[in-house]
Protein chains: 2
Amino acid sequence: MAGVSVATVSKVVNNRYGVAAGTSERVLAVVEELGYESSLVARSLRRTSTNVIGVLVAEFEPYSTELLKGISAAVDGTGYELLAYAGRTDGGAQTGWERRSLSRLAGTLVDAAIVVTPTMVLSSDSPVPVVAVDPHTGPEGTPTVDSDNTTGAREAVEHLIDLGHRRIAHLGGRPDLESARLRELGYRQALEGSGIAVDPLLIKVGGYRPDLADAPVRTLLDRPDRPTAVFAANDLSAIHVLQVAQELGLRVPQDLSVVGFDNIPESWGSAPPLTTVAQPLHRMGAEALRMVLDLLEGTARERHLRLPTSLVVRASTAPPPR
Amino acid sequence: MAGVSVATVSKVVNNRYGVAAGTSERVLAVVEELGYESSLVARSLRRTSTNVIGVLVAEFEPYSTELLKGISAAVDGTGYELLAYAGRTDGGAQTGWERRSLSRLAGTLVDAAIVVTPTMVLSSDSPVPVVAVDPHTGPEGTPTVDSDNTTGAREAVEHLIDLGHRRIAHLGGRPDLESARLRELGYRQALEGSGIAVDPLLIKVGGYRPDLADAPVRTLLDRPDRPTAVFAANDLSAIHVLQVAQELGLRVPQDLSVVGFDNIPESWGSAPPLTTVAQPLHRMGAEALRMVLDLLEGTARERHLRLPTSLVVRASTAPPPR
DNA sequence: GTGAAAGCGCTAACAG
DNA sequence: CTGTTAGCGCTTTCAC
């Protein structure tokens, strides 16, 4: 339409040298008129860099979206764009989605990737820089960002012990995640530190999800010698404990204390507002972005960043009954 | 590596007929060993469909991430994947990002798109089905999902009037969004319905963002005859009103009542918890996904879906002082 | 049942 | 300064 070849249009659009001012102007006018934008797909297939950072998640739930908010705020002004991708997890395997997503996107669509809660060790031969948030395993291989899960969990349980609780259950997270193991470790440390025996019957797997936590929570609360407090491995499952407790006619915190982990916005206004261990999620997202950009520019410093947690006491914890 | 051509591999990977069982098996084994996944980019360039639904946002903030949660939950089991894209908005124009993002992704990367709060009328010649959430303009052209902004706003302001407020300010939204205009309309309707004159000095533009709302809020609250209540066009700016009020030594709700709009999780636990107009954000996301899938399958029914709002009274509203 | 070849929209190298 | 050509990784005819 501008009477030039596609090659020339490409040069104009990409500000390459060697185009006559008049031609450039004419092409730009047509581009404007047609509202032409180069296809991200075709461009990425040909070029080595796309200026797009990928955020790979299993699904969009409160934890990943909080990180996303932090990443999004931090990306502003860097010139990069964000592409958050949730591959299929329904039909196929729950595990390994991140490897699949990574090989589908990396090397072409995205220049680098932030992987949220990967379920397995990321192969280090990824064609692009990768940073993992809340990884499967400890700080080996892939650079990671996480928070001090053990200390956070310990403080949460110590808070319950300080209130006078002795029968404290733990609703665990996803066994395939380092964070879940460390939170259980913190739970055990707190009990042992106070000379309270760990009762295996009081430790259940909640999988970080309300649907997976439902049955174990009912098992926990439906027994005559039920615990007086539950430390849940994340807020989502803690909020589910709140709901089940209400169904069973248990008052929180009078009959049952509940503590969560994460401090997602949903925990601020649960009924009652949840006592929880705050992770600096926005900051974790922002730091993950910074790390991945550092990697991209070859100015990487630390390979692993662990941020502090802090206990937020709200209304779901109180001394045990009687 | 399997001793066959790329064409054969493609057939195996895509389950095409005409491949010997033995060959297929051998190729699959190598695929497994190598962890091969086809490049989404190359595949989308060649094929017409990708099984990916795009969600186009300006940035990842509470409103868009709440929709995303609803979309993500609804996509489960449909066989589609989700790709949320935030194009650059920093350097260039704040407006028109959706057209740019759409032409970069549509036709190749995504089979269909959900555009969140587009700032302009979407051209109807998009190569893929598009649904807009909270659009620039009313229900013409592009199918849309929104909520009953006018009624919601009217009820919010009537709540303030019922409490005895007469000097009620309105911190408006983004003038380029239909929702902002309708919320102001509801505000005016409520005042007029109660015989209260609309004071133009009490209407400011907050742009739905804390940073843009800051100056107007201070102008509003820093005057001797300041309003006794503020109806903010969304929760994010309402929460900012809460913060500015605190800075200025005004107690909420004793000295100042504040109402927001959206009911994002952040509003549940603000200090004090925010009275707000709830939009069914998760459901809006789910419905937008359903509509876009209907469009894709040619079974589209309604072109426009308007969901009801509901007033949630929390602790940021009370009768005016004196 | 398999592979060679074309082509998706674009960019980079090179020829004119 | 501009156009022709090749090729990014894949899928799809169409020969063999």
Side-chain angles (χ1 to χ4, degrees), chain A residues 1-31 34-52 54 81 87 100-111 125-128, chain B residues 1-31 34-52 54 81 83 85 87 100-111 125-128:
Chain A
M1 189 161 155
V4 294
S5 70
V6 286
T8 302
V9 174
S10 175
K11 282 172 196 156
V12 171
V13 169
N14 294 293
N15 272 316
R16 296 274 177 278
Y17 294 109
V19 182
T23 311
S24 179
E25 220 168 281
R26 192 151 32 91
V27 171
L28 251 21
V30 176
V31 163
L34 260 41
Y36 169 85
E37 273 306 328
S38 68
S39 156
L40 179 60
V41 164
R43 167 177 290 206
S44 12
L45 195 55
R46 199 66 182 76
R47 297 184 71 164
T48 42
S49 107
T50 56
N51 265 283
V52 177
E81 312 192 324
R100 180 165 180 271
S101 293
L102 208 46
S103 39
R104 296 202 72 185
L105 303 189
T108 42
L109 237 202
V110 302
D111 288 352
D125 63 347
S126 164
V128 300
Chain B
M1 189 161 155
V4 295
S5 70
V6 286
T8 302
V9 174
S10 174
K11 282 171 196 157
V12 171
V13 169
N14 293 292
N15 272 315
R16 295 277 176 276
Y17 294 111
V19 181
T23 311
S24 180
E25 220 169 281
R26 190 151 32 90
V27 170
L28 251 20
V30 176
V31 163
L34 259 42
Y36 169 85
E37 270 309 325
S38 69
S39 157
L40 179 60
V41 163
R43 166 177 290 204
S44 13
L45 196 55
R46 199 64 182 77
R47 296 183 73 162
T48 42
S49 108
T50 57
N51 264 284
V52 177
E81 313 194 320
L83 163 5
Y85 182 74
R100 180 164 179 272
S101 294
L102 207 46
S103 38
R104 294 201 74 185
L105 304 189
T108 41
L109 237 203
V110 302
D111 288 351
D125 62 346
S126 164
V128 299

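These numbers come from the heavy atoms of this one structure, side chains and all, not from hydrogens, waters or symmetry mates. Owing to the predicted nature of the structure, the values given are computational and were not obtained by experimental measurement. A note on names: the letters A, B, ... follow the listed sequences, proteins ahead of strands, and every chain is numbered from 1.
The two residues B:Thr50 and B:Ser44 come nearest to each other via the heavy atoms CG2-CB, 3.3 Å. In terms of heavy atoms, A:Ser49 sits closest to A:Asp111 at CA-OD1, 3.3 Å. Among all heavy-atom pairs drawn from A:Ala42 and B:Leu45, the shortest one is CB-CD1, 4.0 Å.
You'll find that the side chain of A:Val19 is closest to D:dT2, out of D:dT2, C:dG3, C:dG9. For A:Arg43, the side-chain atoms get nearest to C:dT11 when compared with the rest of C:dT11, C:dT2, D:dG9. If you check C:dC10, C:dT2, D:dG9 against the side chain of A:Leu45, the one that comes closest is D:dG9. Distances were taken from every side-chain heavy atom of A:Thr8 (C-beta onward) to each of D:dG3, D:dG9, C:dG3; the shortest belongs to D:dG3.
Within 4.0 Å (heavy atoms only), A:Ser38 reaches sugar-phosphate atoms of the nucleic acid but no base atom. Among the heavy atoms of the strands lying under 4.0 Å from B:Val4 are primed sugar atoms or P, OP1, OP2 only; no base atom is included. A:Gly3 comes within contact range of the sugar-phosphate backbone alone, with a heavy-atom separation under 4.0 Å but no base atom that close.
For the pair A:Thr23 and D:dT2, the criterion of a side-chain N or O lying under 4.0 Å from OP1 or OP2 is met. Contact annotation: B:Tyr36 side-chain N/O to D:dC10 OP1/OP2 distance is under 4.0 Å.
Looking at heavy atoms from C-beta onward, B:Leu40 lies in side-chain contact with B:Leu109 at the 4.5 angstrom threshold. The side-chain heavy atoms of A:Val9 and A:Val30, taken from C-beta on, include no pair separated by under 4.5 Å. A heavy-atom distance below 4.5 Å is found between the side chains of B:Asn14 and B:Arg47.
Across the protein-nucleic acid pair, B:Leu109 atom CG and C:dC8 atom P stand 18 Å apart, rounded to whole Å. The interatomic distance linking B:Glu37 (CD) with D:dG9 (C1') rounds to 14 Å, in whole Å. Rounded to whole angstrom, the span from the CG atom of B:Asn51 across to the P atom of D:dT11 amounts to 13 Å.
In this structure a side-chain-to-backbone donor-acceptor pair under 3.5 Å is missing from B:Ser103 to A:Tyr36.
Comparing B:Tyr17 and B:Thr108 along DNA chain C, the residue whose closest nucleotide (by nearest heavy atom) sits nearer the 5' end is B:Tyr17. In terms of position on DNA chain C, the residue among B:Ala42 and B:Ser24 whose nearest nucleotide sits closer to the 5' end is B:Ser24.
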Where do N or O atoms of nucleotides 12-16 of chain C meet protein N or O atoms at under 3.5 Å, pair by pair?
{"from": "C:dA12", "atom 1": "OP2", "to": "A:Arg16", "atom 2": "NE", "distance (Å)": "3.4"}
{"from": "C:dA12", "atom 1": "OP2", "to": "A:Arg16", "atom 2": "NH2", "distance (Å)": "3.3"}

